Amino acid sequence: MKYLRLKKQADFQRLFQKGKRASSATVTVLYNKSQNTTMGISIGKKHGKSVQRNRIKRLLREAFRAAQKDMQGAYSIVLVPKVREEYSVKAFERDLRCIIKKEKL
RNA sequence: UGAGUUUGUUAUACGGUCGCGGGGUCGAGAGACCAUGAGGAAAGUCCGAGCAGCAUAGGACAGGGUGCCUGAUAACGUCAGGCGAGGGUGACCUUAGGGAAAGUGCAACAGAAAUAAACCGCCGUAAGAGGCUUGGCGUUCGCCUUGAUUGCCCGUUUGGGUAGCCCGCUUACGGUAAGGAUGGAAAGGCGAGGUAAGAGCUCACCGAUAUCUUGGCAACAAGAUAUGCCAUGUAAACCCCACUCGCUGCAAGAUUGGGUAUCCGUCAAUAGGGCUGUCCGUCCGACGGAAUACCGUGAAUAUCGCUUGAGCUUGUCGGCGACGGCAAGCCUAGAUAAAUGACCGUACACGACAGAACUCGGCUUACAGACAAACUCAAAUC
RNA sequence: UGGGGUGUCGCCAAGUGGUUAAGGCACCGGAUUUUGAUUCCGGCAUUCGUAGGUUCAAAUCCUGCCACCCCAG
């Protein structure tokens, strides 16, 4: 099961305005039902300089790739990481799996 | 061995599994396979250029920038070599370094005075007021005391006149720039002569300026001669001089921007009427419309610009060098919520600063370390 | 990505190159009061974001950095 990248600005706007929210210690998830599974990451300047931001995105993407296997339906999703001291794939993956289970995606 | 100076290189490496960006091949498609994929600063956005749009005959004014010389370059505020100045024992380092005699402004406080010879002072001349007392020692001379303690004449109790004297005092005129607590700066410095007192007034040395000669493309340097020396600082104050500059930026700019029906406009054709020209009405066809309705939908979008370029590597030649010429070879990210990661193993020095966004040339700033070369100083030994 | 602006005491801020860098609020100490508030008096910037330079002298002029803010489809 592959996921597509969420690229359009309008899609992001729609999710931020109308999407359902679920959050954990490390990450907030916005989602909506759709035809294919699409995923985007929203990350701002508060997370650090560009190297730091790229690092977070890579880790989140890797965690989502692993956690996606638990999902049943197809959704468009935006992941918003929270500002922390340290980031790790394991923490992201655990929280994502937890949210998927709880929201029954 | 220790302390340093300058320049350059490098920026974890290798293997396995899963995954990402755009590209190629195969495939109807799902997908499979192949090679490839961040930096020395990609950063800051401080300069310069290409490229694009707009403006523009040419010139002048205004405004901005640069500012020792010569060269390099597409260009630069960059770089190279040199000159001057400053710093360091030295290797070496730093340097916005044109013009103050075109003009204007500013220079607090302090100081006699701040760009200008006024004041104090010093010296000379003239005038004026005043003082030279009481005295002591002593041999008449003389000595002490005083800023100066005298002589002659008249008178003789006090005194008056005249001359002299006071490193004295006051005023006026003149000479002077040695001295005057300051200050960043006081009309070259220092010494000697000289003078009424002084003064480059004169002289030696140092400094400055001008001219000449020699060397150098030049900035400039060296030497000689002359001038007693026209005169503070500030132009990163206005300004003057020389050179130079259109404005805006890839969010530039270019292309595309659906379908059906209706309506409107234009063109051509046909038929009819108003006799020509031409005008009016009807039907069909083509083109156009940022007009309306419905469907569709992404328009802050899609495609191009977008990576072959003042390109990179190697060799060779020219040049002190920046750099340039020639030859051969190479193609090396192109995304757009934006691609390099995760896990495992091995090695060690245990991995810094940090992520392309139109492209180049510089500058500046950040950076764990590791390595190489040249050179300097100090100490010791031979 | 491009363009523009601001940094002065804890906060809001003034400041022609020249005195010890104005003020206001807050804070601290004292006076007044039985105690508070008010009022009065006094204190509070070893340096103007930072590093250099020009100048006799820099918060002010020049250059490089740092931080923050705003605007542009």
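Remember, predicted model here, so these are calculated numbers, not experimental data. A, B, ... follow the sequence lines: proteins, then strands. Residue 1 opens every chain.
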With both distances under 3.5 angstrom, what nucleotide forms a Watson-Crick or G-U wobble pair with [N]?
N	answer
B/G71	B/C79
B/G50	B/C358
B/U232	B/A107
B/U346	B/A13
B/U225	B/A210
B/C152	B/G161
B/A372	B/U7
B/A337	none

Open item on the list: Between A/Lys57 and A/Arg61, is there a side-chain heavy-atom distance shorter than 4.5 Å?
Closed with: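 Result yes, sub-4.5 Å side-chain heavy-atom pair found.
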Task: pair A/Arg21-A/Val29: side-chain heavy atoms closer than 4.5 Å - done: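 They are not in contact (no side-chain heavy atoms under 4.5 Å apart), so the answer is no.
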- [ ] Rounded to the nearest 0.5 Å, what's the gap from CG on A/Leu60 to CD1 on A/Ile41? Could you check?
- [x]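 CD1 of A/Ile41 is found 5.0 Å from CG of A/Leu60.
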Length of the line joining [X]:[atom1] and [N]:[atom2], which is rounded to integer Å:
X	N	atom1	atom2	answer
A/Leu60	B/A339	CG	P	13 Å
A/Lys90	B/C344	NZ	C1'	12 Å
A/Glu62	B/U340	CD	C1'	12 Å
A/Ile77	B/A337	CD1	P	18 Å
A/Leu59	B/G355	CG	P	17 Å
A/Phe92	B/G341	CZ	C1'	13 Å
A/Arg65	B/G19	CZ	C1'	4 Å

[N] versus [M] - spacing of their [atom1] atoms, nearest Å:
N	M	atom1	result
B/A42	B/U340	C1'	15 Å
B/A231	B/G191	P	25 Å
B/C245	B/A62	C1'	14 Å
B/A85	B/A221	C1'	15 Å
B/U244	B/G77	P	12 Å
B/C132	B/A181	P	40 Å
B/C152	B/A148	P	22 Å
B/C190	B/C203	C1'	13 Å

- [ ] Considering only NZ, NE, NH1 and NH2 on the basic side and carboxylate oxygens on the acidic side, decide whether A/Arg58 and A/Glu62 come within less than 4.0 Å.
- [x]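 Looking at A/Arg58 and A/Glu62, the cut-off is not met.
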Task: More than 12 heavy atoms of other groups within 6.0 Å of A/Lys82 NZ - done: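 Check passes, neighbour count above 12.
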Since syn is defined as within 90° of 0, does [N] count as syn or as anti?
N	answer
B/A116	syn
B/U307	syn
B/A38	syn
B/U225	anti

TODO: Tell me, please, which residues at least two apart from A/Tyr31 pass side chain to side chain donor-acceptor pair (under 3.5 Å).
DONE: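 Residues passing side chain to side chain donor-acceptor pair (under 3.5 Å) with A/Tyr31: A/Glu103.
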Open item on the list: Using a strict heavy-atom distance below 4.0 Å, which residues from residues 49-58 of chain A are in contact with RNA chain B?
Closed with: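 Within residues 49-58 of chain A, the residues near RNA chain B are A/Lys49, A/Ser50, A/Val51, A/Asn54, A/Arg55, A/Lys57, A/Arg58.
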TODO: Can you sort out the partners of A/Phe92 under ring pair (Phe, Tyr, Trp, His ring centres under 6.0 Å), two or more places apart, ordered by chain and number?
DONE: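 Scan of A/Phe92 (ring pair (Phe, Tyr, Trp, His ring centres under 6.0 Å), adjacent residues dropped) gives none.
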Task: Least distance between heavy atoms, A/Gln52 atom then A/His47 atom - done: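 In terms of heavy atoms, the two residues are closest at CG-O, 3.2 Å.
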Open item on the list: With side chain to side chain donor-acceptor pair (under 3.5 Å) as the criterion, how do A/Asn32 and A/Ser76 come out once you've worked through the C-alpha distance, each side chain's angles and the decisive distance to 0.1 Å?
Closed with: CA-CA 5 Å; A/Asn32 244 347; A/Ser76 57; 5.3 Å; no
